[in-house]
Each structure stands twice: as structure tokens, then as C-alpha cells.
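A short write-up of the structure that comes next.
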Amino acid sequence: MLSIGLRPKCCGYKYIFELANMQISGNGILPLKLNGYSALAKKYGKTVCSIDKNIQNCISKAWTDGDVDNLYREFGNTIDADKGKPTAKQLIMHICDKISLN
């Protein structure tokens, strides 16, 4: 997660990390807002909207501050053309795939 520019000091980092762990351990997180985000919202006493916003902010920060060449090398054509960055689902599933391969 660090190699793609996600920083642990962002609130969304721990949520992305937990969602990836949940998915890898067999707990279904999709669709994110119904399953993944609501599970985190209950756990942390937050709203689904705040979980989503923190994750989006973390992704945006990684995209503005991170190594753009590395990000495009990692995500290639999976980046949302309208937003210029991956969606939360794409990012989390990519992280899960990387962890599973290792």
C-alpha cells in the first residue's frame, strides 16, 4: 500500500487496509457501501458516508502526492477515465490481488 502512495497517517488508510483483510479472509465486502463500509461504520461508530469520504480522500492524496509513473504502472487501464484515479473498489481489489500473489 505504501508503494502506491497510500499513507498511514490518512484516516482512509486503515479502512482500506481492513477492507483488504476482510476480503482476503473470506468476508464479502462487495458491494462496498452495503457490506464493507457498513461493517466498518458499525465497528468504528462512523457513518458509511464518512468511511467512503475518508477512503476517497486517501486515494486522492496518493494520486496527487504519489509517483504518477508507478501508479500508472500498477493500475494501467483500470483507472477511471473521468476521475483520473481508480475507484475505491478497484484499488481495494488490486491490493487484494497483490497480497494474494505474494
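Just so you know, residue 1 is the first one in the sequence shown, and it goes up from there.
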Practice item. Calculate, to the nearest 0.5 Å, the distance between atoms OG1 and NZ belonging to T47 and K42 respectively. Key: 13.5 Å
Using distance only, find each side-chain donor-acceptor pair of residues 30-38 under 3.5 Å and give its atom names and separation, not counting sequence neighbours.
from, atom 1, to, atom 2, distance (Å)
N35, ND2, L30, O, 2.6
S38, OG, L34, O, 2.3
S38, OG, N35, O, 3.2

Point to revise | Working for side chain to side chain contact (heavy atoms under 4.5 Å, CB included), residues Y15 and K43 | key: CA-CA 11 Å; Y15 300 145; K43 179 177 180 178; over 6 Å; no
**Study point:** Pairing residues for N27 by the side-chain contact (heavy atoms from CB on, under 4.5 Å) criterion, not counting sequence neighbours
**Key:** M22, S25
Check your understanding: What pairs with K53 under side-chain contact (heavy atoms from CB on, under 4.5 Å), at least two apart in sequence or on another chain?
Key -> N57
Review point. Applying salt bridge (Lys or Arg N to Asp or Glu O under 4.0 Å), which residue pairs with at least one partner in residues 56-70 are found, sequence neighbours left out?
Key: K61-D65
**Study point:** Donor-acceptor contact below 3.5 Å, side chain Q23 vs main chain A20
**Key:** no
Check your understanding: For S50, does its backbone N or O pair with a side-chain atom of N54 as donor and acceptor, under 3.5 Å?
Key -> yes
Review point. Of all residues at least two apart in sequence or in a different chain, which pass the salt bridge (Lys or Arg N to Asp or Glu O under 4.0 Å) check with K98?
Key: E74
Exercise for review: For the residue pair K14 and I55, establish whether any side-chain heavy-atom pair is separated by less than 4.5 Å.
Suggested key: no
Review point. Within a strict 4.5 Å, meaning less than it, do heavy atoms of the H94 and L91 side chains meet?
Key: no
Sequence neighbours excluded and cut-off under 3.5 Å, please list the side-chain donor-acceptor pairs for residues 4-11, or say none.
none

Check your understanding: Closest heavy-atom contact between K85 and Q56?
Key -> NZ-O, 4.5 Å
Check your understanding: For I95 and L19, what are the C-alpha separation, side-chain angles and deciding distance, and is it a side chain to side chain contact (heavy atoms under 4.5 Å, CB included)?
Key -> CA-CA 10 Å; I95 291 169; L19 288 167; over 6 Å; no
